[in-house]
Amino acid sequence: KGSMGPRFCQSLLSVLLLFCLAANAYAAAGPLACASPDFCPLYCGNVQPIAAPTQKIGGSVPKLVAAAVTIRHGARTTLKQGCFPAINQDWDCTLTTTNQHMLNLSAPTQDAGVLFRWSTLDGLQELQGACQYGQLITRGWEQQLENGRNVRARYNDILPKSYFDDPRSLFMTSDTDQRTIASGQALFAGAFPDDIKLQQQFGTRIVDWFISMNSLVQPGQICGAAASNSMAAAEATAVPQAILTSNSTLLNNTWISAGHPVLQNAGELLNAMGTLNDCLMPAVCENRQWPSSISKQDIIQIHRMHSEWQYSVLRQPDVAGYQEGPLLADIVDLFNEITTGKTPIKFSLFSGHDTTIIALLTMLGFPENEWPPYASLLSLELLQAEDSSFYVRAIFNGLEFKMTGCPSVLCPLATFKQSMASQTNGKRCGTSAPWSTLAASYNPTKAPQMKTPGNDNPKPSSSNDGLRIAVGILGGVTGILIFCLGAVSMQLKAARKLASGN
């Protein structure tokens, strides 16, 4: 019985040590790209930190002034109907949406009233379970949370601590799809963790989110027939057609394995390529079943073919400009207005699709044929050197690259605008409101300083969950060590008494 205390302490400390190691591993790990690590193509996710520049101008690295970030939504369910029966299995979606319609942008935030929760009912959706086609899933939300933490780490100097400290410095937009809206909001949650906690504690606080069809979606929304015609003409040229015909046997065999009839012409080959890629890649990323006659090598080959085909089309004259020229023009205009002091916006977020990013990459001159994985992040940074000259830097999924027509990865703003002029001038297919007008079109109210009960000067909590976990564990371990030392001391005293005969 006399050794019970030390034995207990030894066992408890061993358990605590294992727990500390596990907690540290959890805190250090980012969200997984796939449900199964055995077969996880790059497509499933490649969230990376955004490194600061190292190139110097005039002896020093230019300072960050602004950033325009474009993301692809996170992991989602399949978009296509009729892929193969197994794709309709239960996707187990858990994300919900809360909203409240208001009369206009100038309505006071207190008029928001109650929030309505929008959710899908299990068994009553397009897919088996509680998911719809193209819906963001939990893994996609986690990927964008990580993107948000990376955004905070890189752009902390231009981001307010709280959105409500300086809402005019931020602009966030997406199209109307659930997966793009939710992805952007998840990134916001990762970049502004304290705002999420305050909202949970003190109730609803309004964050402005704009819906834009400014070519964040498929061509034709803004540029209309010009975009559709240029795409159709490019698809009919020799290189894209050769890609399809040289892979026709693979496409036909895979299409038949998925339960469909033989493909008859180039149009059916093209449709099958897109459908198979969209059906098989989500199935792979989420470890779903697909027809056993379709091998992993077949899936990778179809995906590579799809990417090669897309780039061969977009790299033809005018095609990418008609797709995402309006968005690139808006970013160029934003940088112009920032450098002339016409807009307070310092950080803009465009939440879109793979087609959004792949067209931007084409115009910017990204050298690879990489299909943008889930949660891809493309950032254009505006920097200023000590001599007041401005530069633009491009980073895609953590990799900076030299843009078309630029002398290095730090591209003089004037050179950047000149190089992109062929993609933006005449390709806007209409006009956009100036950023200075946009920033003044709504009147966000700064939220009053929130105080927690019994604390007149609350300090914002750290966004580093791993650090908070470690500190908590360290405090617990310290307490247990003190307890154990006390128990050992009592044991020693008892032993002395026995030895002395007292």
Side-chain angles (χ1 to χ4, degrees), residues 41 43 76-88 126-127 133-134 177 215 217-285 288-324 353-359 361-362 369-372:
Y43 176 95
R76 56 160 172 78
T77 62
T78 179
L79 282 175
K80 304 291 186 179
Q81 301 183 35
C83 300
F84 42 83
I87 200 66
N88 291 326
E126 298 161 319
L127 295 172
Y133 286 110
D177 287 340
S215 237
V217 292
Q218 294 289 344
Q221 298 292 334
I222 296 296
C223 293
S228 301
N229 292 340
S230 68
M231 177 67 79
E235 290 174 358
T237 56
V239 174
Q241 288 296 310
I243 293 172
L244 286 176
T245 54
S246 63
N247 291 280
S248 59
T249 300
L250 170 65
L251 285 173
N252 246 313
N253 291 341
T254 310
W255 191 245
I256 293 170
S257 296
H260 302 287
V262 175
L263 301 169
Q264 300 292 335
N265 52 55
E268 290 185 359
L269 284 171
L270 176 58
N271 177 71
M273 177 182 66
T275 300
L276 287 170
N277 183 74
D278 184 76
C279 290
L280 292 169
M281 296 311 292
V284 167
C285 297
R288 304 292 176 175
Q289 296 178 8
W290 64 83
S292 58
S293 55
I294 301 176
S295 69
K296 294 178 180 179
Q297 184 59 40
D298 291 340
I299 295 174
I300 295 300
Q301 189 172 342
I302 289 172
H303 176 60
R304 288 175 178 169
M305 171 181 53
H306 186 244
S307 181
E308 182 183 357
W309 179 90
Q310 187 73 46
Y311 273 103
S312 73
V313 171
L314 288 173
R315 284 179 175 148
Q316 297 187 48
D318 292 342
V319 177
Y322 276 125
Q323 282 203 90
E324 297 302 337
H353 302 267
D354 46 8
T355 50
T356 310
I357 290 183
I358 200 170
L361 289 175
T362 301
N369 285 348
E370 178 185 333
W371 192 268

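L79 and D278 get closest at one heavy-atom pair: N-OD2, 2.9 Å. Of all the heavy atoms in S230 and V319, the pair that sits closest is O-CG2, 3.7 Å. A359 and Q323 make their closest contact through CB-CB, 4.2 Å (heavy atoms, listed as atom of the first residue, atom of the second, distance). Shown here for P41 and V284, the closest heavy-atom pair between the two residues is CD-CG1, 3.5 Å. Here the closest non-hydrogen pair linking P240 and S312 is CG-OG, 3.5 Å. Residues Q241 and E235 approach most closely at NE2-O, 2.9 Å, considering heavy atoms.
The main-chain N or O of E370 is found under 3.5 Å from a side-chain atom of Y311 such that the two form a donor-acceptor pair. In terms of modelled atom types and a separation under 3.5 Å, the side chain of H260 and the main chain of T254 share no donor-acceptor contact. Between the side chain of N277 and the backbone N or O of M273, no donor-acceptor pair lies under 3.5 Å. Listed for the S307 side chain is no donor-acceptor partner under 3.5 Å among the backbone atoms of R304.
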**Message:** What verdict does the side chain to side chain contact (heavy atoms under 4.5 Å, CB included) test give for N271 and L263, after you've listed the backbone C-alpha separation in whole Å, the side-chain angles of each residue and the deciding distance to 0.1 Å?
**Reply:** CA-CA 10 Å; N271 177 71; L263 301 169; over 6 Å; no
**Request:** May I have the step-by-step check of side chain to side chain contact (heavy atoms under 4.5 Å, CB included) for Q316 and V239, ending in yes or no?
**Result:** CA-CA 10 Å; Q316 297 187 48; V239 174; 5.8 Å; no
**Request:** Let me see the working for W255 and T275 under side chain to side chain contact (heavy atoms under 4.5 Å, CB included), right down to the final yes or no.
**Result:** CA-CA 9 Å; W255 191 245; T275 300; 4.0 Å; yes
**Prompt:** After noting the C-alpha distance and the side-chain angles of T362 and E324, does the key distance pass the side chain to side chain contact (heavy atoms under 4.5 Å, CB included) rule?
**Reply:** CA-CA 10 Å; T362 301; E324 297 302 337; over 6 Å; no
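Residue L314 holds its CG atom at 9.0 Å from OG1 of T355, rounded to the nearest 0.5 Å. The distance from the CD atom of E268 to the CG atom of L244 is 12.5 Å, given to the nearest 0.5 Å. Distance CD/E308 to OG/S246: 7.5 Å, rounded to 0.5 Å. The CH2 atom of W309 sits 4.5 Å away from atom CG of L270, with the distance rounded to the nearest 0.5 Å. Atom CH2 of residue W371 and atom CG of residue D354 lie 5.0 Å apart, to the nearest 0.5 angstrom. Here the CD1-CD1 distance, from I302 to I299, works out to 7.5 Å after rounding to the nearest 0.5 Å.
When only modelled atom types and interatomic distance are considered, N369 and R315 share a side-chain donor-acceptor pair under 3.5 Å.
Of the listed residues (L276, L280, I294), just one forms a side chain to side chain contact (heavy atoms under 4.5 Å, CB included) with F84, and that residue is L280.
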